[in-house]
Amino acid sequence: MDITRIIGPLNEAQRQAVTSPHASLLVLAGAGSGKTRVLVHRMAWLMRAEGIPPHGILAVTFTNKAAMEMRGRVEGLLEINARELWMGTFHGLAHRLLRRHARDAGLPNAFQILDSDDQYRLIRRILKNLDLDEARWPPRQIQWFINACKDEGRRARHLPESYDAFQIQMQRVYLAYEETCDRTGVVDFAELLLRTHEFLRDNPEMLAHYQRRFHHVLVDEFQDTNRIQYAWLRLLTRDRDNLFVVGDDDQSIYGWRGAKIENLYNFQRDYPRHELIRLEQNYRSTGTILQAANALIAHNQGRLGKTLWTQDLSGEPISLYAAFNEQEEALFVVERLRQWVEQGNLRSEAAILYRSNAQSRQFEEKLVALGIPYRVYGGLRFFERAEIKDALAYLRLIANRADDASFERIINTPVRGMGPKTLDTIRDTARNERCSLWEAAQRSCLDTELPARARNSLSGFLELIETTAADTSDLALWEQVQRVIARSGLLDHYRKEKGEQAEARLENLEELINAARQFEYEPADEDLGKLDQFLAHAALEAGENQADGFQDCVQLMTLHSAKGLEFDLVFMVGMEEGLFPSLHSLEEPGRLEEERRLCYVGITRARRKLYLTHAECRRIYGKENYPRPSRFVREIPAEHLEEVRVRGTVKRPVGAATLGGHVRNDAGLRLGQRVLHAKFGEGVILQQEGEGSQARVQVNFADVGMKWLMLAYANLQSL
DNA sequence: TGTTAATAAATTTTT
DNA sequence: TTTATTAACA
């Protein structure tokens, strides 16, 4: 038996978690402590040592990437095909259950999934229907409201009556939104979870069936679960006490989208027989980096408590660089990257991490200038591109004529002579007859309300969908996709258009056919036709945002998307008050703590070397700002920091005064010079004007901000 | 119907 | 500053 393979490579705490006789377990796993390893080996242990069949294990993750990695590692460890394991994202698994029990869950068999873009469009349409002004009821805010309600498990009818006019309208939209989704057979992401929860809760036999089936339920990144996800897990495991969760309260960075750290406390309360295990040994970073991270996170209140340690005690100090402005910051980082590559290191082992996506531009420009290949994470993903969504909308309408969202999207895309008036008539008919837009369109073709020209175009469109559906029903998926793209006129539409964009769109459509071809190898789903399976796949896994993942590239991404990754060399840039921590988080202490956790996540991404940079001056929305360095920098003990100057490195603790001569004349000054003022403390010179006794300088002080000072009286010391 | 000028807004993101 | 959306126009 290969038990030694399973427990051999583990440390004491990991082994304890993997082999625990308890079925309910809370593993507090610090950054880089091997949490995925514990999950993978736990599953292997359950199957090999405890004889649990693969289909008796349910493993839940947040992203498809994590699920895929886990599956791959289980297969590698046990040399089995792990297909029988129920492993996937919350949404993926909920989707699977809903497909299997669509009727019992109150859904049509051919229900379609709305992604956030579809959802947004639908909400806008409903606002129009209800005659509400988008300026007063911003669709984004309503979308946020609806999703937040669903994440909390609240239906529109559950909401308390409100006297606030704004609230009343939001609830009205929510109600209409639910009604439309039900009528047209579409389900948004949050609905997948809510609907599954209600289905299990209200069908005791079904619930009992799944409770019996799953001997063990394992959850990754438990600190990121929201209320409905926890309720869902609770239903499945409450009678058998068999929930195994892995998480890290210090890495909870998604509170703003509904994640509840409280679920960690709820778990401890609801599973009183659980065992608590801490994984505190870090195998990733140097001692210096870990100590800095520990010191930083110690500033947060109410932690579950956990201190990372490593056998490595050494490590280069963390470098801190104060740039003059954001341009110069980028220049510095890219220059260091150039040296890194020159020393023979891999570009893909270096990352630039920033708080907000807008910051990437400066770095991209400088990287391009030096010809260093890079990859930016985030942004539009494959299945989210407009042309792809257009093509998918045709396919969805073929799969389900009641899908109003898709109908609206493509009725006049590409343009076929149906303007807003025609559409309005159809919408009116649909509303009056309480039928789908498709049916309404059919009726409009028959009566004479529409002008003849519009009627012609409309019946042409209806026929296009019908004949394409009939002609392609027997074809292989990829051929079906190919035909639809051609017959819909999308191909011609982009062919006529010129420019790089149109060309890229054509390539993407080509790529969609390829994706469909690849999809043929996907194992068939017993509950689903190939086309429906493909459409669900497109909605649930939006795909990568860039195709060429194989080139050796410097990695650029937000701190959020860096979670779970690690690099030898990390630059955390824009370490400034108002940027990081962000302006929006300064009021609420809770949000500030989340920012600090985000900083903790960033620091612990680095294996060997970490740089922190900030700029004395930064343009934000076209205006110049002079931010102070981030408080997080100050929360890292000075002994782990080393200030970097462009000309050589000065080794000295940050903040301590150093001797320097008086600044007597213009020659002794330069922009960016650090100076000390008797009253205002440390600062940096940003501008100067005038000469001789009239000379003035603008200084940005760390503590008191911007000041104009007369050079003759200021008595500045240079640092 | 498609283009252009004006205007407003502007974290973090997965499913 | 950049981006998206909308209103006005040819």
Side-chain angles (χ1 to χ4, degrees), chain A residues 60-67 88-96 113-120 124 133-135 138-141 143-144 147 150-151 187-194 196 220-221 224-226 228-229 252-259 326-327 353-362 365 377-381 383-384 386 412-421 493 496-497 536-545 557-564 574 578-586 591 594-595 597-599 601-602 618-625:
Chain A
V60 196
T61 62
F62 274 83
T63 64
N64 293 299
K65 205 170 128 200
T89 62
F90 275 104
H91 295 86
L93 294 164
H95 174 247
R96 199 158 156 185
I113 301 170
L114 291 185
D115 71 12
S116 7
D117 183 58
D118 300 330
Q119 186 186 34
Y120 178 74
R124 289 185 66 178
D133 184 6
E134 281 192 15
R140 286 269 170 237
Q141 202 175 337
Q143 182 179 24
W144 187 271
N147 288 334
K150 290 191 175 191
D151 286 345
V187 167
D188 62 45
F189 288 133
E191 181 74 25
L192 286 169
L193 301 175
L194 180 52
T196 313
D220 190 17
E221 306 274 21
D224 287 337
T225 49
N226 63 33
I228 194 72
Q229 284 160 345
S252 159
I253 54 175
Y254 287 110
W256 54 274
R257 71 174 194 218
E326 73 272 12
Q327 300 270 334
L353 308 182
Y354 35 77
R355 177 65 238 265
S356 72
N357 284 309
Q359 287 168 260
S360 76
R361 229 194 70 233
Q362 308 290 343
E365 280 170 10
Y377 284 71
L380 266 196
R381 282 158 336 149
F383 285 112
E384 292 169 352
N412 205 27
T413 312
V415 282
R416 39 174 82 84
M418 276 170 295
K421 267 175 281 144
H493 175 74
K496 264 186 286 175
E497 232 172 281
H537 166 84
L540 287 172
E541 305 185 36
E544 286 287 311
N545 54 12
M557 67 190 82
T558 62
L559 287 154
H560 280 91
S561 36
K563 193 167 84 153
L579 230 196
F580 188 37
S582 97
L583 198 59
H584 306 266
S585 63
L586 292 179
R591 306 205 65 179
E594 184 156 308
E595 294 279 302
R597 292 194 292 269
L598 189 56
C599 187
V601 167
R618 181 179 297 274
R619 284 186 96 89
I620 296 175
Y621 306 145
K623 276 209 176 69
E624 283 186 346
N625 291 69

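By convention in this document, chain letters (A, B, ...) are assigned in the order of the sequence lines, proteins followed by strands, and residues within each chain are numbered from 1.
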task: Using a 4.0 Å cut-off on protein heavy atoms (strictly under), produce a 5'-to-3' string for nucleotides 4-10 of chain C with B for base contact, S for backbone-only sugar-phosphate contact, and - for none.
output: --S----
query: Which residues satisfy the ring-ring contact (aromatic ring centres under 6.0 Å, His included) test with A:W256, sequence neighbours excluded?
result: A:Y254, A:H560
query: When you compare C:dA4 with B:dT13, how far apart are their P atoms, in angstrom units rounded to a whole number?
result: 16 Å
- line: Going 5' to 3' through nucleotides 6-15 of chain B and flagging B where a protein heavy-atom sits under 4.0 Å of the base, S where only the sugar-phosphate is that close, and - otherwise, we get ----BBBBBB
message: My understanding is that only residues two or more places apart in sequence, or in another chain, count here; which of them pass salt bridge (charged side-chain N to carboxylate O under 4.0 Å, His left out) with A:R416?
response: none
Partners meeting salt bridge (charged side-chain N to carboxylate O under 4.0 Å, His left out) with A:D115 (sequence neighbours left out): A:K389
query: C1' atom, B:dT11 versus C:dT6: distance in rounded Å?
result: 25 Å
field: Under the side chain to side chain donor-acceptor pair (under 3.5 Å) test, residues paired with A:E365 that sit two or more places apart
entry: A:R361
- prompt: Got a sec, which residues hit salt bridge (charged side-chain N to carboxylate O under 4.0 Å, His left out) with A:E595, two or more places apart in sequence or on another chain?
  reply: A:R355
message: Using the salt bridge (charged side-chain N to carboxylate O under 4.0 Å, His left out) criterion, which residues pair with A:R96? Sequence neighbours excluded.
response: none
- prompt: Using atom P of each nucleotide, how far apart are B:dT12 and C:dT5 to the nearest Å?
  reply: 16 Å
message: I need the CD-P distance between A:Q359 and C:dT1, as an integer number of Å.
response: 18 Å
message: Tell me every residue that passes side-chain contact (heavy atoms from CB on, under 4.5 Å) with A:R619, counting only those two or more places apart in sequence or in another chain.
response: A:E326, A:E624
